[in-house]
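What follows is a short report on a single structure.
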Amino acid sequence: MTLRIGNASGFYGDRFDALREMLTGGELDVLTGDYLAELTMLILGRDRLKDPAAGYARTFLRQLEDCLGIAHERGVRIVTNAGGLNPAGLADSVRHLADRLGIPVRVAHVEGDDLTALHPGSLAAHAYLGGFGIAACLREGADIVVTGRVTDAALVTGPAAAHFGWSETEYDRLAGAVVAGHVLECGAQATGGNYAFFRDGDVRRPGFPLAELHEDGSCVITKHSGTGGFVDVGTITAQLLYETAGARYPGPDVTTRLDTVRLGQDGPDRVRIDGVRGEAPPPTLKVGLNKLGGFRNEVVFVLTGLDIEAKAALVREQLEPALGKAADVRWELARTDRPDASTEETASALLRLVVRDPDQETVGRALSGAAVELALASYPGFHVLAPPGKGSPYGVFEDVYVPHSGVDHVAVLHDGRRIPVPAAHDTAVLDAVPEPPLPEPPAPGPTRRAPLGLVAGARSGDKGGNANVGVWARTDDAWRWLAHELTADRFRQLIPESRELQVTRHLLPRLRALNFVVEGILGAGVAAQHRFDPQAKALGEWLRSRHLDIPEALL
């Protein structure tokens, strides 16, 4: 018995037509949509400040208006976390939409994640719930299930538990579904999108992924026939490493052992995942706190031609008196200029000034006035990419943890009945897994200075203020070299921003992969825009561009 679960959204703003494409492109039993991220919760929180009836992903309603009839005709159930901060509100809106369209559907939703009232000063505080609230809704006949903040993988574990009748302690099966859910959650990232070796296939318009999930928790990841992109062991490895850390991947339903995952090519655009083991979940649930951190403003000065360093020093000296009261001032000089350049743009460097402070006035008029006044009184060729504005609010993200009993996880059915979802029966403290042995090192031989990316792929992402960089080898020989060469210390050498930070390396030999966690590199999270790449999306590509002495046999 196979359950076919597809995905039609990896974030709030993903391809609008994906819902229709997935419903019409082939057979499905369940279609999921992931709309939430740390930054999204902040955006929805600000929406709710303006309108208490808001707080959910309105895009989903517009997509559904076009596709609800198709889903109903084909018997495809829809499970989405588009409810955000207001799942009950979105569920009501879906019912009104269905009534208006004359389509008989049963809409349920999941509650219990909202802990904002317990965290004064937070714009949004939400626990990451598991999949058994979703499962309860589906078991009671829901056609559409709307949730708030659940784990991304819960959109798959819930339908799987309902379909196969899994209990809360069937950890290996649940762990297999978590892996499938983690692969699906970011949509086209599993089908060639954002992939290090994107030239291996046509990724101009990758299709969205689906999982053929089996009763034992194993699955095959594929996509609808005829859609773009490609699915191979590399694309799935990349997504498995995305926003994870060590061998134990904790969740509210199960702790998944990523070091047990086996991948195998099962035909064109088909990758089999099996062997996944699970353990009891940790005794606490993660709660994401989103707060307003203050106000932020920035201006980018364009420095052209000669004397770039001196020009940057001049404008800094001129502006420093106006910036003295700001709580945080950051300057970054990006040397994008080239000598004897053939265009003005390639002759120019960018000097970026970012100012933060609890007071909007401090980062607003004080900065904009001082910067604009320099227009005729600073370095030769003075101009900016855009004038600074009045300053905009920024957010900060923080993790806290509560016991499973600290949330009231409830499935609210289409007829108004409320089914409490019990807390996890068993839990286990999350201990580190002993590091596995390294493979045998490669035999000595000639080397050549070359980019790491010629022999290894990478994918990186954010978790609060931390970043992870997953690096994997495509062959056994490359893995033997990579595991010995790319240590935490070598990572720090290659990524200078990390030299003063805690960098932890995790080995995942079955994936021929290393996963690096860099603590604090993103400050207070993506909404704080701490660095040039605030979500560390390209950190892995930067690492791949760095040069090492690589054995010629691998090149």
Side-chain angles (χ1 to χ4, degrees), residues 1-9 15-35 60-83 87 90-110 131-147 150 153-166 177 180-181 184-185 187 207-215 217 219-227 411-415 417 419:
M1 182 166 46
T2 300
L3 178 67
R4 292 175 61 88
I5 304 180
N7 170 279
S9 176
R15 189 189 306 167
F16 187 87
D17 293 336
L19 198 70
R20 171 177 281 273
E21 291 171 9
M22 290 301 289
L23 287 170
T24 60
E27 292 184 11
L28 283 179
D29 300 303
V30 178
L31 184 58
T32 67
D34 180 11
Y35 290 77
F60 173 72
L61 271 181
R62 293 193 288 115
Q63 291 173 297
L64 201 61
E65 183 167 10
D66 182 50
C67 298
L68 184 57
I70 301 172
H72 178 65
E73 290 169 5
R74 298 193 170 213
V76 178
R77 291 172 154 185
I78 295 176
V79 179
T80 179
N81 61 15
L90 178 56
D92 283 341
S93 295
V94 172
R95 292 185 190 102
H96 293 322
L97 172 65
D99 289 345
R100 177 163 59 82
L101 297 176
I103 301 172
V105 295
R106 291 162 293 191
V107 184
H109 71 276
V110 177
F132 280 95
I134 296 170
C137 294
L138 293 172
R139 285 169 177 158
E140 294 295 326
D143 301 302
I144 297 176
V145 181
V146 173
T147 78
V150 296
L155 301 178
V156 171
T157 61
H163 182 78
F164 295 117
W166 293 341
L184 296 187
E185 69 183 58
F208 276 65
L210 63 94
E212 297 172 356
L213 197 62
H214 306 298
E215 196 275 338
C219 72
V220 170
I221 304 296
T222 184
K223 62 186 184 70
H224 285 325
S225 178
T227 58
V412 185
L413 305 183
H414 58 280
D415 57 9
R417 285 181 294 144
I419 300 178

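- Salt bridge annotation for R417-D415: present, with a cationic side-chain nitrogen under 4.0 angstrom from a carboxylate oxygen.
- Salt bridge R106/D143: present, at least one basic N to carboxylate O contact under 4.0 Å.
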Any chance you could lay out the salt bridge (charged side-chain N to carboxylate O under 4.0 Å, His left out) test for E65 and R100, step after step, and finish with the verdict?
-> CA-CA 10 Å; E65 183 167 10; R100 177 163 59 82; 3.1 Å; yes
Verdict with reasoning, N81 to D34, per side-chain hydrogen bond (donor to acceptor under 3.5 Å, both in side chains) | CA-CA 6 Å; N81 61 15; D34 180 11; 2.8 Å; yes
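- Residues H224 and L28 form a side-chain contact, since some pair of their non-hydrogen atoms from C-beta on lies under 4.5 Å apart.
- At least one side-chain heavy atom of L3 sits less than 4.5 Å from a side-chain heavy atom of H163.
- Once rounded to the nearest 0.5 Å, the distance linking CZ of F208 with NZ of K223 reads 12.5 Å.
- R77 contributes a side-chain N or O that, together with a main-chain N or O of A142, makes up a donor-acceptor pair within less than 3.5 Å.
- Contact annotation: the side chain of M1 never approaches that of H214 to less than 4.5 Å [non-hydrogen atoms, C-beta and beyond].
- Although no hydrogens or angles enter the test, the distance criterion places a donor-acceptor pair under 3.5 Å between the side chain of T32 and the main chain of G6.
- Between the side chain of R139 and the backbone N or O of A161, at least one donor-acceptor pair lies under 3.5 Å.
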Trace of the side-chain contact (heavy atoms from CB on, under 4.5 Å) decision for L23 with V76 | CA-CA 8 Å; L23 287 170; V76 178; 3.8 Å; yes
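- Between the CD1 atom in I78 and the CD1 atom in I144 there is a gap of 5.0 Å [rounded to 0.5 Å].
- In terms of heavy atoms, N7 sits closest to G187 at OD1-CA, 3.4 Å.
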